[in-house]
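Questions regarding the structure given below will be posed in turn.
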Amino acid sequence: MGQRPIYVMAEQDLPGLLIMGIGGTHGVQESLAALLKKHFSVITMKELLENKKEVGKKIQCIFVSEFRPTIDQELLESLPNLKVIGNSGVGVDHLNLKMISNFGVRVTNTPHAVADSTADMGMALMLASARRLVEGSQIAVSPDTNYFAADWLGVEVTRATLGIIGMGRIGYKVAQRARAFEMKILYHNRNRRSQEEEQAVGACYSEMEDLLQQSDFVMLVVNLTPQTEKLIGKKELGLMKPTATLINISRGAVIDQDALVEALQNKTIKAAALDVTYPEPLPRNHPLLKLNNVIITPHIGTATVQATHMMAEEAIANMLSVLNCQPIPSEVFPQ
């Protein structure tokens, strides 16, 4: 018997997928668009807006990347056959899950694809802040530098105490990396990890207050929810050591930024290293941008070639599972 012929779907048979655009500042990268086109008939927001009535009927999925396109009631009402929104990334605080659910639409995210790249970013920020890397680089290249000062010192990460707030996939990956630096690892999480998991990375569960008081570095790795908004405020910053550094790789709104500015100006804490702020980017006159004991990066925790590709693949798998009525690997439910 000969092999059965493989049926390749024609583009018009593929399910319609809405994206913001292709290329440019806000569009999906060309390589990711090519990946999406293998499984979907890709439709841009521009194409939808040009012919909402006809094009809207074809769209069964939306691929949300870098918080775009914006999912609002008007968009959902214009897509009668929409079944799933595939979010590229783990955080879904930019999506109104309850409103989307009311339209009978599923939401998925990509927690597996982002874990390594975001944990790497957390370590990079910790090392850069501890060793004053940004400041040092500026000194090394400045036209005003005639000599390197002998009293210009950073602090060691090796054998320091790291407090991880949020011990999900990313937090656990941070702990794995920190163990190689012989760090003492404390963590706080809604649910305590198993004894085996704690022992594997040498992490000790700690109440929040104790963690803040004991840690040399405090790293935030929580999702933004109503419960975690402004989780770190004046009181929490006041509990930290004056020699401690706060690192945020979660969402900007997890920190009360006004309280953080005050704590950094008054030397309540030594430094902060932030991959996320609120808003993004900060207004150019924001006081955080004027402090020399802060490192701020442009929300690049998952911005690697490998992670963006894996996020797209994970989002595709999620969306196809919904369309094919199969178990959904990473579904997000309204709280």
Open item on the list: Restricting to side chain to side chain donor-acceptor pair (under 3.5 Å), what partner residues turn up for D120, sequence neighbours left out?
Closed with: R177
TODO: Verify, without hydrogens or angle tests, whether N189 (side chain) and M167 (backbone) share a donor-acceptor contact under 3.5 angstrom.
DONE: yes
Open item on the list: Are L162 and M240 linked, directly or through intermediate hydrophobic residues, by side-chain heavy-atom contacts shorter than 4.5 Å (ILVMFWY only)?
Closed with: no
Open item on the list: Is any side-chain heavy atom of I164 closer than 4.5 Å to one of L186?
Closed with: no
Open item on the list: For a quick check under 3.5 Å, do N87 and H94 share a side-chain donor-acceptor pair by atom type?
Closed with: yes
Open item on the list: Do N81 and I59 make a side-chain contact, defined as non-hydrogen atoms from C-beta onward lying under 4.5 Å apart?
Closed with: no
Open item on the list: Checking K52 against E77 for the salt bridge (Lys or Arg N to Asp or Glu O under 4.0 Å) test, could you report, in this order, the C-alpha distance in whole Å, the side-chain angles of both residues, the deciding distance, and whether it holds?
Closed with: CA-CA 11 Å; K52 241 181 191 181; E77 283 169 353; over 6 Å; no
Open item on the list: I need the minimum non-hydrogen distance between R169 and P111, along with the two atoms involved.
Closed with: NH1-CB, 3.4 Å
Task: Set of side chain to side chain donor-acceptor pair (under 3.5 Å) partners for D275, sequence neighbours left out - done: T297
- [ ] Mind checking the CG-CD1 spacing from L246 to I255? Nearest 0.5 Å is all I need.
- [x] 4.5 Å
- [ ] Kindly indicate whether the side chain of N96, heavy atoms from C-beta on, has any atom under 4.5 Å from the side chain of I71.
- [x] no
TODO: Can you see which heavy atom on K290 is nearest to which on H286, and at what distance?
DONE: NZ-O, 3.8 Å
Task: N-O pairing of E198 and R192 below 4.0 Å - done: yes
Task: Test item: P329 and S321 side chains (from C-beta on) under 4.5 Å apart, heavy atoms - done: yes
TODO: State whether the side chain of N324 and the backbone N or O of L320 hold a donor-acceptor pair below 3.5 Å, judged by distance alone.
DONE: yes
TODO: Find the distance between CE (M126) and CD1 (I249) and round it off to the nearest 0.5 Å.
DONE: 9.5 Å
Task: side chain to side chain donor-acceptor pair (under 3.5 Å) involving R179 - partner list, sequence neighbours excluded - done: none
Open item on the list: Side chains of Q227 and T225 only: does a donor on one sit below 3.5 Å from an acceptor on the other?
Closed with: yes
Open item on the list: How long is the straight-line distance from OG1 of T243 back to NZ of K267, given to the nearest 0.5 Å?
Closed with: 13.5 Å
TODO: To the nearest 0.5 angstrom, please state how far the CG atom of L212 sits from the CG atom of L239.
DONE: 5.5 Å
- [ ] Flag the pair V114 / M311 as yes when at least one side-chain heavy-atom distance between them is below 4.5 Å, and no otherwise.
- [x] yes
- [ ] Kindly give the heavy-atom pair with the smallest separation between S101 and P334, and that separation in Å.
- [x] CB-CG, 3.7 Å
TODO: Answer whether the closest heavy-atom distance between the side chains of F40 and C61 falls below 4.5 Å.
DONE: yes
Task: Pairs involving residues 181-191, ordered by first then second residue, that meet salt bridge (Lys or Arg N to Asp or Glu O under 4.0 Å) (sequence neighbours left out) - done: R159-E182
Open item on the list: Using side-chain heavy atoms (C-beta onward) and a distance below 4.5 Å, is L288 in contact with L260?
Closed with: yes
- [ ] Of all the heavy-atom pairs spanning F217 and A130, show the shortest one and how long it is.
- [x] CZ-CB, 3.8 Å
- [ ] Side-chain contact test, heavy atoms from C-beta onward, threshold under 4.5 Å: evaluate it for I269 versus L264 and give yes or no.
- [x] yes
Open item on the list: Distance check, rounded to the nearest 0.5 Å: L125 atom CG versus L274 atom CG?
Closed with: 8.0 Å
Open item on the list: Whether the side chain of Q257 engages the backbone of Y278 through a donor-acceptor N/O pair (distance < 3.5 Å, no angle test) should be reported.
Closed with: yes
TODO: Provide the full list of salt bridge (Lys or Arg N to Asp or Glu O under 4.0 Å) pairs with a residue in residues 222-236, sequence neighbours left out, each pair given once.
DONE: K234-E262
Open item on the list: Tell me every residue that passes side chain to side chain donor-acceptor pair (under 3.5 Å) with E331, counting only those two or more places apart in sequence or in another chain.
Closed with: R106
- [ ] State plainly whether one hydrophobic cluster holds both V42 and V322, where clusters connect Ile, Leu, Val, Met, Phe, Trp and Tyr through side-chain heavy atoms under 4.5 angstrom apart.
- [x] yes
Open item on the list: Going by side chain to side chain contact (heavy atoms under 4.5 Å, CB included), L79 matches just one of V55, L48, V105. Which one?
Closed with: L48
Open item on the list: Salt bridge check, E280 against R251: does any charged N sit closer than 4.0 Å to a carboxylate O?
Closed with: no
Open item on the list: Is it true that, when you exclude F103 itself, more than 12 heavy atoms of the residues, nucleotides or ligands shown sit nearer than 6.0 Å to its CZ?
Closed with: yes
